[in-house]
Amino acid sequence: MKSSVKKIELASVDDLFSTEESRADDQRERVQEIPLSELHPFKNHPFKVKDDEAMMDTAESIKQYGVLVPAIARPDPNGGYEMVAGHRRHRASELADMETMPVIVRDLDDDAATIIMVDSNLQRESLLPSERAFAYKMKLDAMKRQAGRPSRNSAQVGRNFEGKESRELLAEQVGQSRNQISRYIRLTELIPELLDMVDERKIAFNPAYELSFLKPEEQIQLLDAMESEQSTPSLSQAQRLKKFSQEGHLSIDVMRAIMGEEKKSELDKVTLSSDTLRKYFPKSYTPQRMQETIIKLLEAWQKKRQRDQER
């Protein structure tokens, strides 16, 4: 005769004597002081962490007051923790000679971690086109995956949320049109050298979008043509380069011919590259601060010139 008694699992002594409040407290997130050496960058982190003037100011603040806003990280299977939010604070803490920083450790899947990482950085005042491009792409890809697989870590979904597509949701969240989201993401098709020129404002956004349709090998040839002709593409030139590429007629000779054209807007234009100006300013100066300083110097020179003429 088989026994009808089911297997009974006995609770541990800790479970028997722990209160509901203490068990709930164990599940709450806590701020932990984690060694900087145990915090690793987020994989393919699209936001650049630079030792610029703003970073030095943050490091100085951390020296005086510590890190006021905890970072967010998740356990790394290979050891330590993967940073989700707080990369700049981490670098500033290193510069401030700190050994640890406050961190909230959270169990996140890849998509939820990606969305938090992007959202925490999109709030910054100034973002480079490349940063925005890769951030939008990473978040959109994560949202698309979550649309078919809602995550317990995030409420972000796609078509199954009020009938909206992921791209439409993203556009609403970041205050951009769907078309502009697509145009930014398209910039990720540029080779690094051209994308750097977009960040440095040597190539404008609209021409850069058109150039992104060139094949990688054509983009490499374009760099050579730009160097030989000492010119960057205007919108109309970029559109023609794209058209020749799509028709299969784009060659290095065609590129050089187009880049060698004289642009009307350049006849009365003087351009000084940041590399040329950099030697006259401290390394900590940002391009914006250099521009502001130059304007002030020109205004002072103009006033002096007017005074001299009045004498």
Side-chain angles (χ1 to χ4, degrees), residues 28-108 110 112-139 142 153 173-174 192 195-196 198-201 274-275 277-293:
R28 292 192 185 103
E29 292 180 339
R30 292 189 180 88
V31 177
Q32 306 177 38
E33 284 291 332
I34 295 181
L36 301 181
S37 59
E38 294 185 17
L39 296 167
H40 318 310
F42 193 89
K43 184 179 179 180
N44 297 325
H45 189 257
F47 301 98
K48 298 178 181 179
V49 179
K50 297 182 178 181
D51 291 348
D52 53 16
E53 184 179 7
M55 177 65 74
M56 300 307 166
D57 290 342
T58 303
E60 188 60 33
S61 174
I62 288 176
K63 279 185 181 179
Q64 296 184 39
Y65 309 109
V67 177
L68 302 180
V69 179
I72 298 175
R74 61 175 181 165
D76 189 332
N78 298 319
Y81 304 88
E82 182 182 46
M83 299 277 294
V84 176
H87 291 74
R88 287 177 54 80
R89 277 163 279 165
H90 180 270
R91 176 55 181 159
S93 296
E94 290 179 331
L95 294 172
D97 296 324
M98 307 293 284
E99 295 184 357
T100 65
M101 70 179 293
V103 179
I104 295 173
V105 178
R106 189 174 294 173
D107 185 17
L108 298 166
D110 290 345
T114 296
I115 290 172
I116 292 174
M117 181 274 295
V118 171
D119 286 348
S120 65
N121 283 278
L122 284 179
Q123 306 306 318
R124 283 163 45 193
E125 292 182 3
S126 59
L127 288 174
L128 296 172
S130 65
E131 293 177 316
R132 200 176 293 277
F134 281 101
Y136 286 168
K137 186 177 189 301
M138 290 180 71
K139 182 172 181 179
N153 294 315
Q173 291 168 10
V174 301
L195 192 52
D196 285 343
V198 180
D199 284 343
E200 296 164 3
R201 299 183 180 181
S274 54
D275 292 337
L277 296 173
R278 180 64 64 184
K279 60 184 178 182
Y280 299 105
F281 294 91
K283 292 182 178 179
S284 61
Y285 272 45
T286 63
Q288 181 178 357
R289 189 170 180 185
M290 285 193 294
Q291 180 178 319
E292 292 171 351
T293 304

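Every heavy atom of this structure was used, including side-chain atoms; hydrogens, water molecules and symmetry mates were not. It should be emphasised that the depicted structure is a prediction, and the values quoted were computed from it without experimental measurement.
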- Item | Donor-acceptor pair, side chain of His40 and main chain of Gly79, under 3.5 angstrom | yes
- Run the numbers on Arg106 and Val84 for side-chain contact (heavy atoms from CB on, under 4.5 Å), then give the verdict. CA-CA 9 Å; Arg106 189 174 294 173; Val84 176; over 6 Å; no
- Message: If the threshold is 4.0 Å, N to carboxylate O, is there a salt bridge linking Asp110 and Lys43?
- Response: no
- Can you tell me how far NZ of Lys63 sits from OG of Ser61, rounded to the nearest 0.5 angstrom? 11.5 Å
- With side-chain contact (heavy atoms from CB on, under 4.5 Å) as the test, would you mind laying out the steps for Thr100 and Ile34 before giving the verdict? CA-CA 5 Å; Thr100 65; Ile34 295 181; 6.0 Å; no
- Query: For Lys50, does the NZ atom sit with more than 12 other heavy atoms under 6.0 Å from it, leaving out its own atoms?
  - Reply: no
- Would you say the side chain of Pro75 lies within less than 4.5 Å of the side chain of Val105, judging by non-hydrogen atoms? yes
- Rounded distance (nearest 0.5 Å) linking atom CD1 of Ile72 with atom CD1 of Ile116: 5.5 Å
- Message: Could you tell me if the side chain of Tyr280 sits less than 4.5 Å from the side chain of Thr293, heavy atoms only?
- Response: no
- CE of Met98 to CZ of Arg89: how many Å apart, nearest 0.5 Å? 14.0 Å
- Residue set satisfying salt bridge (charged side-chain N to carboxylate O under 4.0 Å, His left out) with Glu33, at least two apart, ordered chain then number -> none
- Task: Mind checking the CD1-CG spacing from Ile62 to Asp57? Nearest 0.5 Å is all I need.
- Result: 11.5 Å
- Message: A side-chain contact here means heavy atoms from C-beta on lying under 4.5 Å apart; do Ser93 and Val67 qualify?
- Response: yes
- Side chain to side chain, Met117 and Pro46, heavy atoms closer than 4.5 Å: yes
- Quick one: are Lys139 and Ile115 in side-chain contact, heavy atoms under 4.5 Å? yes
- Note on the structure: In short, Ala71 meets Gly86 closest at the heavy-atom pair CB-CA, 4.1 Å
- Main-chain N/O of Tyr81 paired to Glu38 side chain as donor or acceptor, under 3.5 Å: no
- Message: Could you check whether any side-chain heavy atom of His90 comes within less than 4.5 Å of a side-chain heavy atom of Pro41, counting everything from C-beta outward?
- Response: no
- Item | Check: Glu131 and Asn121 side chains under 4.5 Å, non-hydrogen atoms | no
- Message: Rounded to the nearest 0.5 Å, what separates atom CZ in Phe42 from atom CZ in Arg74?
- Response: 5.5 Å
- Task: Considering only NZ, NE, NH1 and NH2 on the basic side and carboxylate oxygens on the acidic side, decide whether Arg91 and Asp51 come within less than 4.0 Å.
- Result: yes
- Item | Intermediate values then yes/no, side-chain contact (heavy atoms from CB on, under 4.5 Å), Lys48 and Asp199 | CA-CA 11 Å; Lys48 298 178 181 179; Asp199 284 343; 3.1 Å; yes
- Item | Pairing residues for His45 by the ring-ring contact (aromatic ring centres under 6.0 Å, His included) criterion, not counting sequence neighbours | Phe47, His87
- Query: How close do Ala92 and Ala59 get, heavy atom to heavy atom, and via which atoms?
  - Reply: O-CB, 3.6 Å
- Message: Does Glu99 have more than 12 heavy atoms from other residues, nucleotides or ligands lying within 6.0 Å of its CD?
- Response: no
